J.: 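First the structure, then my questions, so here it is.
Remember, it's a predicted structure, so these values are computed and weren't measured experimentally.
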Amino acid sequence: MPYLTQGQYSGLGYSTVPVAEFDRYEAMAEQYVRAHTFDQLSDNDITAANRRGVCELMDMLYKDEHQLNKPVLSFSNGSYSETYGLPSQEKGVQNTQAKAAGIVALYFTPIQRYRGV
């Protein structure tokens with residue numbers, strides 16, 4: 001059973017992930033949670049705050065994959081110009097993992113993250 005349903009996702013006010021891609025991103029977010037909690041959480045342990053964390057992870061993963069958070073590498077004001085850059089593949093993966101760890105740390109308690117360790 002997934003940590004989060006499409007109805008819960010939209011009911012919490014989230015809408016970044018399209019319905020057609022919801023299951024894939026929910027599964028990816030769940031795997032991040034499982035990795036960061038040493039797979040010690042059962043479906044019954046998931047709280048409302050945890051569901052928000054899963055929503056945040058899904059949105060972050062979607063935006064990272066679709067480069068919706070491209071950093072501006074240069075900017076000019078004369079005739080207005082912007083240049084967007086994409087991080088290298090390795091830096092992008094490290095950045096995604098660091099952001100995911102931060103989201104899990106924010107929405108999951110220390111007991112949830114370290115139970116059984």
J.: D64 versus K99: any side-chain heavy-atom pair under 4.5 Å?
T.: yes
J.: Any luck finding a side-chain donor-acceptor pair between Y9 and E26 under 3.5 Å?
T.: no
J.: When rounded to the nearest 0.5 angstrom, what distance separates CG in L61 from OG1 in T16?
T.: 11.5 Å
J.: Could you tell me which non-hydrogen atom of L12 sits nearest to which non-hydrogen atom of C55, and how far apart they are?
T.: CD1-SG, 3.9 Å
J.: About how many Å separate CD of Q40 and CD of Q112, when rounded to the nearest 0.5 Å?
T.: 12.0 Å
J.: Do L41 and F108 have side chains that approach each other closer than 4.5 Å (heavy atoms only, starting at C-beta)?
T.: yes
J.: Determine whether Y107 and E56 satisfy the following criterion, side chain to side chain contact (heavy atoms under 4.5 Å, CB included), listing intermediate values before the conclusion.
T.: CA-CA 9 Å; Y107 288 96; E56 292 290 333; 3.6 Å; yes
J.: What's the separation between atom CG in L57 and atom OH in Y25, rounded to the nearest 0.5 Å?
T.: 13.0 Å
J.: To the nearest 0.5 Å, what is the distance between CD on E30 and OG1 on T37?
T.: 9.5 Å
J.: Of the non-hydrogen atoms in R113 and A105, which two are nearest, and what is the gap between them?
T.: NH1-O, 3.2 Å
J.: Checking T96 against M60 for the side chain to side chain contact (heavy atoms under 4.5 Å, CB included) test, could you report, in this order, the C-alpha distance in whole Å, the side-chain angles of both residues, the deciding distance, and whether it holds?
T.: CA-CA 8 Å; T96 297; M60 182 268 304; 4.0 Å; yes
J.: Nearest 0.5 Å, please: how far is CE in M1 from CD1 in I46?
T.: 11.5 Å
J.: Scan for salt bridge (Lys or Arg N to Asp or Glu O under 4.0 Å) pairs involving residues 41-55, sequence neighbours excluded, and state none if there are none.
T.: D45-R115
J.: Taking all non-hydrogen atoms of both residues, which atom of Q8 and which atom of Y3 are closest, and how far apart?
T.: OE1-O, 4.1 Å
J.: If I take atom CG from residue L4 and atom CZ from residue F22, how far apart are they, to the nearest 0.5 angstrom?
T.: 4.5 Å
